[in-house]
Amino acid sequence: MKTNRRMVVKLGSSSITRAVGPDPALLASTIDSAIRAQALGWDVVIVSSGAVSSGLAVINQRHQDDGVYRPHPRPHRQLAAAVGQPILQSIYRSVADISGHLVAQILVGENDMRSPTRTQSVAKLIDEALSRSAIPIVNGNDALDRVGLDNDAVAASVAVLVHADLLLLLTDSDGVYLTAASETYERVLDASQLHNVGSRGPGTGRGGIRSKLRAAELASSNGISTRVASARSHEIILKAIGPDCPGTLIPGRVRTQRNAGRYPMATVSRGRIVINREAELSIVHERSSLFSSGVKRLVGEFERDDVIEVVAPSGVLIARGVTGMSSLLLGLVRGLRSDEVALTMVAVLRKLADPSWSPNDDPDTMISPPSDRYRRALHAVDNLPAVSVAALGGEILTSFPALVARLLTSGPQTVTLYEQLAQAVSEFSVIALPKLEVLSPHSNQ
């Protein structure tokens, strides 16, 4: 039996929304093109932004008296999403009903897209909708999420989940411009070039061009080509199927290895870490785990067991994986040798046991000669608020349960806390190899 190819189409807020609310002509055209694409052997999944901006526009239009606009205080983003989401869906559904097709609304929350287990449920739901020729309409559940998801990231994750052949990111721009001063957009960009692209043009949504480029980078790393094009280009979804589509193409890379599997790779990442050159070579060529000594910089906040992205010094995304430590702990021990990591953890545990304790008063915490980075780590421990000390202490203790058992059951210590931690920390990785997905640098030809 012939299997349809798959395309994920993401519509941006600034494209969907006009001053008075959502643009019904654009939404109708999108559904109509998706239905026609089915007849050509393509399944289409739509990731639709615009709930918040549409809701804001509609709410503001209601605040008029005798034709005179009197603005009220700006409504909360969550209320705007709750108003805008059913309006968008009613337009999508009314157009599909005319031709006898179904649309399936799939609202995803932060927890849905940041848990490998729950992303698996999202994938199964989309697969079932497509098997019944329904058009899935995916949107972040901004009405309930405290922060809200970046729908560009959602679109890339959905593309990975459904094994899409193409990710189509529709925006106000005709394509990707290398700089704000560029007069023409790039026809083709390799994923390795994306971190050199400048910003161009504001929007009403959460994403912007940087968000779209990160989405394209993730898709490309999973062998999925991405096209960034104008949402106003006539029948752009159907043009994307053919050879002469406008916009910028970012070809998918050739996949060479899979460690962590489909769902961690599709999970929306909580943050990014930038590593040094030595760690990059170790990960890419030696297929080793990532250790704290190789981490240069952190972006974002994440907890243990969250999915994060690993970026080379050049700015290129080279891996993704499930982290073994929080951003709070990693920020404290990044760049340290294993013996320094152990001593820093000892300092945290002593601070937890005695808030008045200071590493400056304890010669046992010093290494001869101490590195500048280690001195900064101890200074940070000494100035941590009590809530951070408690969080770090709890994470350290749960990371080394065997150590905790020895501390609770043993008598007079013949081996110091530092010695026990040093032995355990030597194999304590930021991302262990079985949970690390190394990405191929080669593009499909």
Side-chain angles (χ1 to χ4, degrees), residues 271-299 302 304 308 310-313 318-319 321-352 357-384 388-389 391-404 406-407 413 415-436 438:
R272 283 190 161 200
I273 55 176
V274 180
I275 61 175
N276 59 33
R277 178 62 174 164
E278 182 180 355
E280 178 188 8
L281 293 174
S282 180
I283 289 173
V284 174
H285 297 295
E286 299 177 17
R287 303 301 186 193
S288 73
S289 300
L290 174 62
F291 296 92
S292 59
S293 58
V295 177
K296 294 177 60 178
R297 186 165 57 89
L298 285 70
V299 180
F302 48 85
R304 183 181 177 188
I308 59 174
V310 181
V311 180
I318 63 169
V322 180
T323 178
M325 62 179 73
S326 68
S327 55
L328 181 62
L329 179 57
L330 181 55
L332 188 64
V333 302
R334 66 181 178 87
L336 300 182
R337 304 188 310 264
S338 60
D339 58 334
E340 295 173 330
V341 172
L343 282 170
T344 302
M345 289 183 175
V346 169
V348 170
L349 294 177
R350 288 182 175 173
K351 192 76 172 177
L352 179 64
W357 177 87
S358 171
N360 298 323
D361 302 329
D362 192 339
D364 290 339
T365 62
M366 298 309 295
I367 300 175
S368 182
S371 67
D372 290 340
R373 191 176 294 276
Y374 177 58
R375 286 182 184 275
R376 289 195 295 270
L378 288 183
H379 179 74
V381 171
D382 202 24
N383 290 277
L384 283 171
S388 296
V389 173
L392 285 169
E395 182 174 350
I396 292 168
L397 292 174
T398 55
S399 297
F400 303 102
L403 171 64
V404 176
R406 287 198 298 270
L407 292 175
Q413 299 295 314
V415 180
T416 67
L417 176 62
Y418 161 69
E419 290 171 323
Q420 295 181 65
L421 265 174
Q423 183 177 3
V425 164
S426 63
E427 298 181 359
F428 185 48
S429 58
V430 178
I431 306 177
L433 182 59
K435 297 182 178 182
L436 182 67
V438 180

> Which value, rounded to the nearest 0.5 Å, describes the distance between R304 atom CZ and S399 atom OG?
4.0 Å
> Taking only residues two or more places apart in sequence or in another chain, which ones pass salt bridge (charged side-chain N to carboxylate O under 4.0 Å, His left out) with R277?
E280
> Would you name the heavy atoms of T323 and I431 that are closest together and state the gap between them?
CA-CG1, 4.1 Å
> Give the minimum heavy-atom separation between W357 and D382, together with the two atoms involved.
O-OD1, 4.0 Å
> Give the minimum heavy-atom separation between F302 and L330, together with the two atoms involved.
CZ-CD2, 4.1 Å
> Would you name the heavy atoms of V299 and R297 that are closest together and state the gap between them?
CG2-NH1, 3.5 Å
> Who are the side-chain hydrogen bond (donor to acceptor under 3.5 Å, both in side chains) partners of R376, not counting sequence neighbours?
none
> Taking atom CZ of R373 and atom CG of L378, what is their separation to the nearest 0.5 Å?
13.5 Å
> A side-chain contact here means heavy atoms from C-beta on lying under 4.5 Å apart; do K351 and L392 qualify?
no
> Test L290 against I273 for side-chain contact (heavy atoms from CB on, under 4.5 Å), laying out the working first.
CA-CA 11 Å; L290 174 62; I273 55 176; 3.3 Å; yes
> Under 3.5 Å, is there a donor-acceptor pair between the side chain of E395 and the main chain of S326?
yes
> Quick one: do M325 and V430 satisfy side-chain contact (heavy atoms from CB on, under 4.5 Å)? Show the steps, please.
CA-CA 6 Å; M325 62 179 73; V430 178; 4.2 Å; yes
> Going from CG on L349 to OG1 on T344, what distance comes out if it is rounded to the nearest 0.5 angstrom?
11.0 Å
> Within the structure provided, determine whether L436 and S289 are in side-chain contact (heavy-atom separation under 4.5 Å).
no
> Could you tell me whether the side chain of L329 reaches within less than 4.5 Å of the side chain of V348, counting heavy atoms only?
no
> First locate atom CZ of F291, then atom CD1 of I283, and finally report the distance between them rounded to the nearest 0.5 Å.
10.0 Å
> Of the non-hydrogen atoms in S388 and L328, which two are nearest, and what is the gap between them?
O-CD2, 4.0 Å
> Any idea which heavy atoms bring N276 and P313 closest together, and the distance?
C-CG, 3.7 Å
> Any chance you could measure I275, atom CD1, to S292, atom OG, to the nearest 0.5 Å?
12.5 Å
> Just jot down the ring-ring contact (aromatic ring centres under 6.0 Å, His included) partners of F428, sequence neighbours excluded, or say none.
F400
> Donor-acceptor check, side chain of S288 to backbone of S282, threshold 3.5 angstrom: yes or no?
yes
